[in-house]
Student: 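Before I ask anything, let me first share the structure, which is written out below as structure tokens.
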Amino acid sequence: MIQCKTSKSIGGMGHSLKRKEDARFIQGKGNYVDDVKLPGMLYMDIVRSPYAYAKIKKINIEEALKVPGVVAVVTGRDLEKYNLHWMPTLMSDTQMVLPTDTVMYQSQEVAAVIATTKYAARDGREAVTVDYEPMKPVIDPFKALDPSAPVLRNDKPGKTDNHIWNWKVGDKEKTDKLFETADVVVKEQMHIPRIHVASIETCGCVADYDKVNNHLTMYMTTQAPHAIRTVIALVAGHVGLTEEKVRVIAPDIGGGFGGKVPVYPGYVIAIAVSFLVGKPVKWVEDRSENLQADSFARDYHITAEMAGTKDGKILGTRFKILADHGYTDASANPSKFPTGMFSIATGSYDYDTTYMECDAVYTNKPPGGVAYRCSFRVTEAVHAIERITDRFALEIGKDPADVRMQNFIKKEDFPWKSPTGWIYDSGDYHAGLEKAMKAVNYEELRREQAEKRARGELMGIGLSTFTEIVGAGPSKDFDILGIKMFDSAEIRVHPTGKAIARFGTKSQGQGHETTYAQIIAEELGIPAENIAIEEGDTDTAPYGLGTYASRSTPTAGAAAAMAARKLRDKARKIAAYLLEVSEDDLEWEPGKFSVKGAPEKSKTIQEIVFAAYTNHPQGMEAGFEATHYYDPPNLTFPSGAYICVVDIDRETCEIKVRRFVAIDDCGNIINPMIVQGQVHGGLTQGIAPAMYEELIYDESGNILNGTFMDYLVPTAVESPSWETGHTVTPSPHHPIGAKGVGESPTVGAPPAIANAIVDALSPFGITHLDIPITPYKIFKALKEKQVF
Ligand code: CDP
């Protein structure tokens, strides 16, 4: 086992602070939305469609209204009166809050039942009956493009097909020419399956509209409270909910992974009902609703091609994608990037020719395309490049490690401009792979594999050497609904030298309470345990775009350092005044300023802060507070070298992941223990789509695995023992040299596992299998090759 250790733990803390009890926001016992209990609170449950595509003829609510405790049933027609039956998606598409005429996917919200208890609301839900006229749905995204397919979004004037948008990047002509002339060209058709974030807690809210003060407090499971408040004001400003009258509070949200970025209809209905009846309304979805109706992730059909030379030089790539968005494009992407950061798909390799193109389509499936622990489609990009690189190595008969070493961008070539225009900030890919190969004893493994192959045993070794792109983002390119993707920190240091710092991000278990405090401690010399960290309340925190896509460290982490540095500048001025010397005569060591050459003359940060309130220089503003809105000059480009070893039982096709070594490079590490935790969790969420998870629909649009009984989320039982380590290549533009890390393992693990399995099966002529790779898929592939 490689130990995750670093000689440099920023802020001097190699351990995690105890999670601070924070019951400030919740008037109940716990700290989750479901714990919020307010006087007179009503409960909401949602009637959902059994059909994937159907006309609504009539919604029968009379029986439901007879259920004791039921106070109202809300339909799309009710919301239509207030023009609240549609809402914008984060990709500027439109989504129904409740339908007035047609349902577009199975499990879509059809009506909401409001009652005095949650049991009455559920009984009321069961008592609502709906008369539908089912229609033939469009489920296959390829068939959705057929001119004979029904036009699903006929609510859009002039829409004549199911095509949403076309995106392209790169040089088509040059790439096509290369593929015509190159010595070696390989091609694979891949599907990155539709999956679900399946966070521990489902989505929910308590909408608390106070009629007297015309004010809405929204307790809600959101990763981006400020952006949500703005969206609420945009959607409901016309009925009086303007932004200053809305407070969004995100308490402990029970995991997010990108799935708690969008606005779901349940939130909007709860707000509308609370607004109309003047009482708090709670809505918390159950597990099946969460799995079946909330935003999905992935669902990219990719044709990946690579061109190169017979001796292993990669010359170019070509990617053609079909993106299935369900009935609306509800992705959570930055506006200018409909395919997110897919254009990082050129990978860690030095070549200059690529062309990528994507068409997005509507189908009768739930909407979404969220960045599930992924910087907006990086998972899809990394899978495509890492799989096709292995395919290329197989074609030319070279070891995939050698092909990677031969083609890596060299560390001295950073900053490096990719063929799609990204400026990779820093990296040392050779060092990462060398470390991983050493840890796993690569040569010995290949020798063992050769022996096993000779005996007919199935053993595979898979590599993934990925480059990530996180930290959205520089405001010149990155916005969501027009709001630039900066992030913020505000630090207030009290007279006694203890501080509170507030952020526009929102931790969902990543430990911001610990790491942000460490950054400030490192910069100001105030002990981390004396710094309270607060996020998730729009009334108190400075505006920010929230936490997803591993952006918190690159943006808000940087803002924390910059705000602390503003305070250190002020501290220098006060120290100079107190010590009666010039500012230039002072030197800083964490926690105090002392006079150069006379170290006994010094002032601690606590003395300086006290003076800021009691004895500050005349003409200087009193107090000790600073705010910083950080607009990153570039994204950060973490990387990783992962090696997976699998054994496959030739009789049962059972796959055993024998070893998994993950060497990550996220620049300077703030807290090694938290980073290790992030990597362990992320790897488990990487093995999930590689071997287990996929949302499956039949031809009628019925979801076939809409519960945890048949949608297997891996647990400790399925997870191998992860072996982790790191290399450190600081980001040159980040104030503390850190890059994001949260999603790297989720992004990097699937191709390592897929490559290992295909490697094990390659002697039989198998060159590709789509994830999730199950024993049955292996059995079928081997049978096709007449192994059985
Ligand atoms: O945006 P999110 O918090 O999900 O992702 P992140 O920026 O990658 O950070 C995840 C956690 O790892 C945070 O607590 C970070 O402060 C911590 N981290 C770290 O300790 N060192 C790094 N170089 C990067 C992240």
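One-based numbering, in listed order, for ligands and for the atoms of each. Count residues from 1 along the sequence. What you see is a predicted model, and the numbers here were worked out from it, not measured in a lab.
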Student: Would you say the ring centers of F414 and F637 fall short of 6.0 Å from each other?
Tutor: no
Student: Check for me whether R298 meets the cation-pi criterion with F296, that is, NZ or CZ under 6.0 Å from the six-membered ring centre and within 45 degrees of the ring axis.
Tutor: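 Cation-pi check for R298 and F296: fails.
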Student: Do you know which of D425, T553, N668 makes side chain to side chain donor-acceptor pair (under 3.5 Å) with S731?
Tutor: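 One option only clears the test, and that one is D425.
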Student: So F486 and F478, do their side chains get closer than 4.5 Å, heavy atoms only?
Tutor: no
Student: Strictly under 4.0 angstrom, heavy-atom based: which residues surround ligand 1?
Tutor: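 Contacts of ligand 1 under 4.0 Å: Q510, G511, H512, T515, T547, S550, R551, S552, T553, P554, C666, N668, I669, I670, N671, I674, V675, Q678, A738, K739, G740, V741, G742.
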Student: Can you find a side-chain donor-acceptor pair between E535 and H512 that sits under 3.5 Å?
Tutor: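 A donor-acceptor contact under 3.5 Å links the two side chains.
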Student: Just how far is it from atom CG of D665 to atom OG of S426, taken to the nearest 0.5 Å?
Tutor: 7.0 Å
